Visitor: 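Here it is, the structure, as structure tokens.
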2 protein chains.
Amino acid sequence: MPEKPPYLRIADVLRQRIADQEWTVGDRLPSRAQIAEECGVGENVVRRAQELLISQGVLEGRAGSGTYVAEPRRRVRMVRSSAREQQPGGSPFRADMLALGKQGHWESHTEAKVPAPAEIAVRLGIGEGDLCVRTVYEFLAEGCPVQLSTSWEPYELTAGTLVVLPEGGPHAGVGVVNRMAAIGITVSHAVEQPEPRHASAEEASLLGIQKGALVTHIRRTYYSDQGRPVETADIVIPAALCEVVYEIPVSRS
Amino acid sequence: MPEKPPYLRIADVLRQRIADQEWTVGDRLPSRAQIAEECGVGENVVRRAQELLISQGVLEGRAGSGTYVAEPRRRVRMVRSSAREQQPGGSPFRADMLALGKQGHWESHTEAKVPAPAEIAVRLGIGEGDLCVRTVYEFLAEGCPVQLSTSWEPYELTAGTLVVLPEGGPHAGVGVVNRMAAIGITVSHAVEQPEPRHASAEEASLLGIQKGALVTHIRRTYYSDQGRPVETADIVIPAALCEVVYEIPVSRS
DNA sequence: TCGAATTTGTGCGTATGTATC
DNA sequence: GGATACATACGCACAAATTCG
């Protein structure tokens with residue numbers, strides 16, 4: 001006879017009490033010791049139950065402070081489609097924010113002449129250690145960080161042009177496709193490879209999410225019409241904050 | 001001074017021993033008790049270390065049997081693009097397998113007149129409880145299951161036609177786009193929403209992966225040129241077995 | 001300003017369940 | 001069916017972070 005483990009029973013109790021509005025969004029729960037005594041179980045059982053609910057986004061633990069009822073954040077919708085890439089004057093992220101009617105902006109930090117690590121070199125079709133322009137992005141919606149990205153471009157490609165720096169000069173902030181067009185390179189397609197994984201401690205603190213929360217890690221590479229990779233990026237999208245949507249046209253011959 | 005926890009030290013020891021070929025692919029490691037004594041730590045430390053390596057795909061735990069060195073499986077590449085949807089006579093999955101030069105097939109089980117659950121009803125733009133045709137798929141590459149999918153179509157849409165059953169009749173196994181075309185419905189685009197999550201126990205056993213392993217759960221919906229949803233599916237892709245790739249064309253105006 | 005009390009987070013040990021051989 | 005080994009659940013101790021007097 002399968003008897004439900006105590007920690008699952010406590011998890012249900014906590015869920016029920018939240019549903020009953022005994023605690024509402026933002027409230028702090030009693031300490032583990034209190035709940036444990038109240039429910040007649042060990043402290044550790046309460047901890048396990050809380051961990052479960054935290055992983056489900058119902059609760060939120062703050063070290064040294066307490067366990068709180070998490071607020072159900074509206075997730076930001078990130079559309080990834082060919083149409084999105086055709087923004088004449090803006091970047092894809094700005095288009096997403098526009099569609100949501102939200103204030104979106106980003107901060108970036110560019111370093112030129114960074115030697116390419118092995119994986120990046122493979123993705124860009126260059127030699128390991130070849131120089132790149134690396135730009136680290138932090139995208140914010142309404143002031144809250146919702147997405148991280150690290151972009152790599154071969155230095156050789158843009159050296160000496162006005163678009164060497166992705167976020168500097170007259171073509172700042174218009175996206176890879178438009179910038180490459182300015183120096184006569186036609187970007188014909190992008191390849192995106194989404195992978196599920198857990199957030200690192202650093203990513204979690206940057207994005208304001210729980211450590212180990214689920215994220216989608218997208219490896220994106222832009223290719224020119226010559227078939228040459230012109231940019232590749234590692235994009236980290238936290239599942240708790242964003243939903244990723246691909247729109248794929250279907251045209252039968 | 002931050003001293004590395006014992007379980008991380010043991011994890012490094014195990015990794016090193018594997019790198020040194022002391023244990024090779026498929027070998028069974030000594031029992032936890034043996035390793036624990038050998039390394040002078042508690043059994044639990046060894047367990048934590050093994051859990052870490054299992055989550056990284058280095059080891060594989062088999063209950064009642066032992067812990068083994070996992071074989072590095074070649075991941076199956078699943079391309080999702082507009083071009084993929086334009087296969088004249090085959091399904092998208094078959095196209096993927098063809099591209100890999102692998103033997104690909106699938107098993108399916110269809111039930112007609114299943115009432116739509118709430119979430120499915122929303123995605124299909126029908127009422128909750130309205131009848132649907134539900135088809136459960138299990139996709140296999142070289143005989144190994146690599147992908148699960150549950151497809152829903154409004155029963156009203158195909159009732160009385162030759163394509164009521166997705167995997168029956170003269171249009172079996174050609175994909176949604178081609179089947180809909182056979183009854184005069186033009187599918188214009190698909191929307192896919194990939195979400196990272198952990199595999200359920202049932203999914204893990206069906207896919208032959210570790211319980212709780214990372215998967216990409218894609219909610220896909222096909223729309224007709226009238227803008228009406230004609231099919232929606234929940235696709236489960238285990239990260240350990242498959243890589244998902246989106247190809248996005250870029251055309252500047 | 002500082003330090004003590006409180007609370008969560010982490011590591012590790014032990015007991016029990018369960019699958020495999 | 002028994003022995004072995006992994007899986008799960010719970011308890012304890014301590015560290016880290018926060019709060020408050």
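Residue numbering restarts at 1 for every chain, and letters A, B, ... go by the order of the sequence lines. Just so you know, these numbers come straight off a predicted model, no measurement behind them.
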Visitor: Which is it for B/Arg15 and B/Gln56 under the side chain to side chain donor-acceptor pair (under 3.5 Å) test, yes or no, and what are the steps along the way?
Guide: CA-CA 11 Å; B/Arg15 228 193 302 263; B/Gln56 294 175 356; 2.7 Å; yes

Visitor: In terms of relative ring orientation, are A/Trp106 and A/Phe139 parallel, tilted or perpendicular, with 30° and 60° separating the classes?
Guide: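 Rings of A/Trp106 and A/Phe139: tilted, 30 to 60°.
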
Visitor: Hey, does the side chain of A/Asp12 reach the backbone of A/Arg9 with a donor-acceptor pair shorter than 3.5 angstrom?
Guide: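 Pair absent, no side-chain N/O of A/Asp12 close to backbone of A/Arg9.
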
Visitor: Between atom CZ in A/Arg9 and atom P in D/dA9, what is the gap in whole Å?
Guide: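 After rounding, the gap between these two atoms is 15 Å.
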
Visitor: Could you give all pairs that pass the salt bridge (Lys or Arg N to Asp or Glu O under 4.0 Å) test and reach residues 131-150 of chain A, with sequence neighbours left out?
Guide: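 Counting only pairs at least two positions apart or across chains, the salt bridge (Lys or Arg N to Asp or Glu O under 4.0 Å) contacts touching residues 131-150 of chain A are A/Glu111-A/Arg134.
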
Visitor: Protein within reach of the bases, or only the backbone? For nucleotides 5-13 of chain C, mark each nucleotide 5' to 3' as B, S or -, using heavy atoms under 4.0 Å.
Guide: --BBBBSBB

Visitor: Do the charged groups of B/Arg17 and B/Glu38 touch, with an N to O distance under 4.0 Å?
Guide: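 Result for this pair is yes, salt bridge flagged.
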
